[in-house]
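Okay, so here's the structure we're looking at.
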Amino acid sequence: MAVPLEEDVGPEFRLSSLKPALFKRVFSLFRGHSTPLWVGIFCVLIHTGVLVSLPLVFRQLIDQGIAPRNLEVLLLIAGAYLAMLIVRVILEYLQTMLLSFMGITIVNDLKKQLLQRVLQLSIRFFDQNKPGKLISRIESDAQQLYMLFSDVGIKMVSATLNIICAFAIMFVTSVTLTLYTIAFTPIFLSGAYLIFHKMRPMFKKERKNYSELNGFLGEHLPAIPLLRNLNNLDWSRQQFERVNQGKYRFSLRIEFLETIVWFFMMLTPLMMITMILHRSVYWVDQKIMTLGTVWMFIQYVQAAIWPLIMISEQLREIQRAFGASERIFELWDTEIEVKDPVQPKTVSLFKEAIRFENVSFAYDPKKPVLKNVSFNIEKGSTVALVGATGAGKTTSISLLARWYDPTSGRITLDGIDIRHFRQKDWLSQMSFVLQDIFLFPGTVTENLRALRTDISDETVKLAAQKMGADSIIQKFPQHYETVLKEQGKNLSFGERQLLSFSRALTFNPEILVIDEATSSVDPQTEQQIQQSLETLLEGRTSVIIAHRLSTIIHSDKIIVFHQGEVIEEGSHLELLKKNGSYARLYQLQRGGEHYAELF
């Protein structure tokens, strides 16, 4: 069963909690990118060798060129030093270009694979996870992994090698001076500890504040028209000010504390250099140590400390990247609830009937929604499902479409369990006209064929003409090439409904499912929609969910649901004669006099 994904702001991921399995899965994404990876590693090794050699060459420049004023040696060593700097820059450029390109490619491929995985998941998954959370997984979390797959990860390896080589050469040159230098590292390490351990909960809360602000905007921006109509925009402003002010104050606090910590961390190399100059004056005067060696030590301190600072800055991003990878693989590992059979059967031509056979279902195991429901939908018939909200009508349609599978019982097509068909093949027999009409931000033609390229423009226009939508479309500025706004906001509800009918007819379905087609419209529009609906239903097997009973009185069969059970079944007149739940509901909607006239 699909379960909700963990919240974006959960326990902070720590490198110490990194499991080998996660590490292996993350770096398995490098497959297919070995060439730029190995070339990048080669550039890093050469670059590190050049970088570590620069202070040694500069020492020779001072001791053998500047100090004895030997111009020839000075020019020779200076030329070599300049050449090494050029090689260093070229290697940095190559590794950055190669590994950045590789990182972008891996992350983009990962996003495609994640989206493909999400498209395979069952409807329950989308019911339990908001779009914003999925966008965060596919876009934000995947982008976080760029830190690992680009040159940043390799640069951290380079920085580590620089630190090791720098301290190794310093120890070989002067153990005493090196130990004096190391004596200042606790200041730096204390700052790193404060940032990565003590301030971690603050970073976590900051991200939570960011998520709350995004959630507020996501909920309130679509509601602006309603708030404007209610003359209550001030309330929205006040709520935003409260959320935003809280985030603002907390962010200032974090920035202040982080700046103080970084100040002392950045002070560490300056203190080391001051100590080196202080201690080396006597040694240089006594010719125990050369001036070039002193300068070499200063350069190595910078070569060791600045990589440490870089690692400290990037380590948090690396932690976030591995934390993001956990969330990504959680999405990746989400079980596909409604699965295709290993050996699917072919969906044959519909001949007899669709049957619900003792079907039970529950979204929550403790709260059954359908209880041993059985009914038939004969080929070519129109079947209406009625009942109170929550009675089980929409759930029945969801099971028919295989958005969910029954907890028990089965649904069959001509005696074959629909779970034996591939979902794609089964849904190709169906079209849906739902109460919440979804229109893509695109042209009218693109919407009517649902962006499919295998449906011709002629088929689209013919369907629109049959549905009576062509006359409306011709009034649009660019006719069928008119670009619709998101959700068709530049159309009336009736126009959107007719386009929805036309789209359903464009696919020429064997089975048609309609959910309350004429709700929320005026009588004139309802009449037009009803006429189009009759055309759409002609010659098809149709299932209609309706609350307005006047729209389904001509249905071949009406099935009445109550608390997850079928309590009545029959035609309109048959159910009225039974004088049961349907008759009472009809009498309530149409009035007693109209009800009496029928008899």
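Positions are given from 1 along the sequence.
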If we check side chain to side chain contact (heavy atoms under 4.5 Å, CB included) with Thr482, which of these qualifies: Val444, Ile473, Thr445?
Val444
For Phe361, give me all partners under ring pair (Phe, Tyr, Trp, His ring centres under 6.0 Å), at least two apart in sequence or on another chain.
Tyr363, Tyr404
Does Lys111 have any side-chain hydrogen bond (donor to acceptor under 3.5 Å, both in side chains) partners at least two apart in sequence or in another chain, and if so, which?
Glu139, Gln143
Excluding sequence neighbours, so at least two apart, what forms salt bridge (charged side-chain N to carboxylate O under 4.0 Å, His left out) with Glu510?
Lys379
Which residues satisfy the salt bridge (charged side-chain N to carboxylate O under 4.0 Å, His left out) test with Lys557, sequence neighbours excluded?
Glu378, Glu569
Could I get the full list of salt bridge (charged side-chain N to carboxylate O under 4.0 Å, His left out) partners for Lys339, not counting sequence neighbours?
Glu335
Quick one: which residue pairs count as a salt bridge (charged side-chain N to carboxylate O under 4.0 Å, His left out) with a foot in residues 411-434, not counting sequence neighbours?
Asp417-Arg419, Arg422-Asp425
Sorted by chain and number, sequence neighbours left out, salt bridge (charged side-chain N to carboxylate O under 4.0 Å, His left out) with Glu357 holds for Arg410
Phe356: which residues meet the ring pair (Phe, Tyr, Trp, His ring centres under 6.0 Å) condition with it, sequence neighbours left out?
Phe375
Please name all residues satisfying ring pair (Phe, Tyr, Trp, His ring centres under 6.0 Å) with Phe561, sequence neighbours left out, ordered by chain then number.
none
For Glu458, check side chain to side chain contact (heavy atoms under 4.5 Å, CB included) against everything at least two apart and list the hits.
Ser456
Contact list for residues 388-402, test salt bridge (charged side-chain N to carboxylate O under 4.0 Å, His left out), sequence neighbours left out:
Arg402-Asp405
Verify the neighbour count for atom NZ of Lys112: are there more than 12 heavy atoms of other residues, nucleotides or ligands below 6.0 Å?
no
For residues 365-375, which residue pairs qualify under salt bridge (charged side-chain N to carboxylate O under 4.0 Å, His left out), counting only residues two or more places apart or in two chains?
none
